[in-house]
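Comments concern the structure below.
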Amino acid sequence: MDEFYQQLVPSIIYKWMILNNHVDADNGQEIKFSNNQLNATIDFHQNNILELSINDKDTHDNVYYLHFEMKNIKNTVKHIQTFLSYLKDPHKEEQQLVNDSKDMNILLSCSAGITTSYFASLMNDALKESKHNIHVDAISYMNLDSVIHQYDIVLLAPQIAYKYSELKEKYGNKVMVIDDTDFATYNVKHVLNEVFKKKHNY
């Protein structure tokens, strides 16, 4: 993206949020929402980083969290719309892992591999409980070339969903994007079931 244009994205997104959601905010850095059950915050940080967070009012638990660099308006708006949809309807069905006897190696990828490392750890924990013979790792997308031959599926974190077309052209059907809500709410079982479904459709 053109550097000048990218610098404009935060202010455009901020104004769009204020105008379309009828919220009061005047510092250009934070927008707050709430309903009977949840408190939500959108924080604008330096270097075009946007942080989306939702907390349960009763338990004070964080139930939704996603941060990403605003690379373009289209993907930023998509992430925010998913966030707002969850705020309106946070219901999440309890997932059970489907039976899958295949050996499989899964690789998660984001900008630096840090955010996905925790998600990969949760996926491995869920797989151990269900006795699946599957292993999950995480890595920066910049290092995919050197390791991708070792994996059956590559899952892109929402933060780099904008790279899906480029990476799919390069690596083919191995590449999937993790759903925003699944990633932000750590719904690892649903992600794994989507992987099993895709693998069986090869």
Side-chain angles (χ1 to χ4, degrees), residues 49-52 62-72 74-83 85-86 90-202:
I49 301 298
L50 194 65
E51 185 178 38
L52 310 176
N62 182 266
V63 295
Y64 189 107
Y65 181 80
L66 183 68
H67 75 277
F68 58 95
E69 184 180 357
M70 291 179 276
K71 289 284 191 179
N72 60 52
K74 179 181 177 182
N75 282 292
T76 300
V77 168
K78 175 187 173 294
H79 293 321
I80 292 173
Q81 287 176 333
T82 304
F83 165 81
S85 294
Y86 183 88
H91 178 69
K92 181 175 74 172
E93 293 182 10
E94 183 64 29
Q95 289 282 320
Q96 296 295 324
L97 282 181
V98 298
N99 291 324
D100 192 291
S101 59
K102 293 183 179 179
D103 296 350
M104 195 186 309
N105 289 320
I106 300 171
L107 183 64
L108 273 62
S109 187
C110 66
S111 299
I114 298 171
T115 307
T116 46
S117 291
Y118 180 62
F119 200 87
S121 175
L122 295 178
M123 291 176 78
N124 281 318
D125 289 345
L127 289 162
K128 285 176 188 173
E129 291 175 10
S130 60
K131 297 181 171 54
H132 281 69
N133 191 20
I134 295 169
H135 183 72
V136 186
D137 292 313
I139 197 171
S140 164
Y141 76 88
M142 291 180 287
N143 297 321
L144 279 175
D145 280 342
S146 61
V147 299
I148 194 165
H149 63 279
Q150 302 172 30
Y151 295 90
D152 302 288
I153 293 285
V154 176
L155 302 178
L156 305 182
Q159 293 95 323
I160 60 166
Y162 67 93
K163 295 193 73 66
Y164 172 72
S165 296
E166 173 191 334
L167 294 174
K168 188 175 189 300
E169 184 175 343
K170 192 172 185 180
Y171 303 124
N173 286 333
K174 278 190 174 186
V175 182
M176 293 175 61
V177 177
I178 301 174
D179 175 78
D180 280 26
T181 302
D182 285 342
F183 194 79
T185 61
Y186 306 112
N187 194 359
V188 295
K189 290 183 179 178
H190 186 253
V191 173
L192 285 165
N193 284 337
E194 290 299 301
V195 169
F196 298 154
K197 189 188 303 181
K198 179 180 178 69
K199 195 65 179 169
H200 287 149
N201 288 335
Y202 271 9

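Residues: numbered from 1 along the sequence shown. Keep in mind that the numbers below use all heavy atoms, side chains included, and drop hydrogens, waters and symmetry copies.
Residues Q159 and L66 meet the side-chain proximity criterion, which asks for heavy atoms closer than 4.5 Å. Counting only heavy atoms from C-beta outward, the side chains of V63 and P90 never approach each other to under 4.5 Å. Looking only at side-chain heavy atoms (C-beta outward), M70 and I49 stay at 4.5 Å or farther from each other. Side-chain atoms of I148 and L107, non-hydrogen and from C-beta on, never get closer than 4.5 Å to each other. Proximity of T116 to F183: side-chain heavy atoms (C-beta onward) are separated by under 4.5 Å at one or more points. Side-chain contact between N75 and F68 is absent, with no heavy atoms from C-beta onward closer than 4.5 Å. A heavy-atom distance below 4.5 Å is found between the side chains of L144 and Y171.
When every heavy atom of H79 is checked against every heavy atom of D180, the shortest pair comes out as ND1-OD2, 2.5 Å. Heavy atoms only, all atoms of each residue included: L155 and I106 are closest at CD1-CG2, 3.8 Å. The nearest pair of heavy atoms linking C110 to T115 is SG-N, 4.1 Å. Minimum interatomic distance between I139 and N143 (heavy atoms only, all atoms of both residues): CD1-CB, 3.5 Å. Nearest heavy atom pair, residue V195 against residue I153, reads CG1-CG1, 4.0 Å. The two residues M176 and E194 make their nearest non-hydrogen contact at CE-O, 4.0 Å.
Y186 and Y118 have perpendicular rings, their planes meeting at more than 60° on a 0 to 90° scale where under 30° would count as parallel.
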Give the intermediate values and the outcome of side chain to side chain contact (heavy atoms under 4.5 Å, CB included) for residues M104 and N133.
CA-CA 7 Å; M104 195 186 309; N133 191 20; over 6 Å; no
CA sep, side-chain torsions, deciding dist, call: T76, L50, side chain to side chain contact (heavy atoms under 4.5 Å, CB included):
CA-CA 9 Å; T76 300; L50 194 65; 4.1 Å; yes
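Within a 6.0 Å radius of CD in E169, no more than 12 heavy atoms belonging to other residues, nucleotides or ligands are found.
With sequence neighbours left out, Y164 forms a ring pair (Phe, Tyr, Trp, His ring centres under 6.0 Å) with no residue at all. Every residue two or more places apart in sequence or in another chain that forms a ring pair (Phe, Tyr, Trp, His ring centres under 6.0 Å) with Y86 is listed here: Y64. Legend: residues meeting side-chain hydrogen bond (donor to acceptor under 3.5 Å, both in side chains) with N187, ordered by chain and number and at least two apart, are D182. Partners of N193 according to the side-chain contact (heavy atoms from CB on, under 4.5 Å) rule, which considers only residues two or more places apart in sequence or in another chain, are Q95, L97, V98, F196. Partners of H67 by side-chain hydrogen bond (donor to acceptor under 3.5 Å, both in side chains), not counting sequence neighbours: none found. Legend: residues meeting side-chain hydrogen bond (donor to acceptor under 3.5 Å, both in side chains) with D137, ordered by chain and number and at least two apart, are H135, Y151. Contacts of E166 classified as side-chain hydrogen bond (donor to acceptor under 3.5 Å, both in side chains), with partners at least two apart in sequence or in another chain: K163. Residues meeting the ring pair (Phe, Tyr, Trp, His ring centres under 6.0 Å) test with H190, sequence neighbours left out: none. In this view, A120 and L108, V136, A138 satisfy the side-chain contact (heavy atoms from CB on, under 4.5 Å) rule, not counting sequence neighbours. Contacts of E51 classified as salt bridge (charged side-chain N to carboxylate O under 4.0 Å, His left out), with partners at least two apart in sequence or in another chain: none.
Residue L192 holds its CG atom at 12.5 Å from NZ of K197, rounded to the nearest 0.5 Å. Distance check, rounded to the nearest 0.5 Å: CZ of F83 to OG1 of T181 gives 11.0 Å.
Residues in residues 138-150 take part in these salt bridge (charged side-chain N to carboxylate O under 4.0 Å, His left out) pairs, two or more places apart or across chains: D145-K170.
Side chain of N105 to backbone of D152: no donor-acceptor contact under 3.5 angstrom is found. Within the 3.5 Å criterion, the main-chain N or O of S117 finds no donor-acceptor partner in the side chain of S121.
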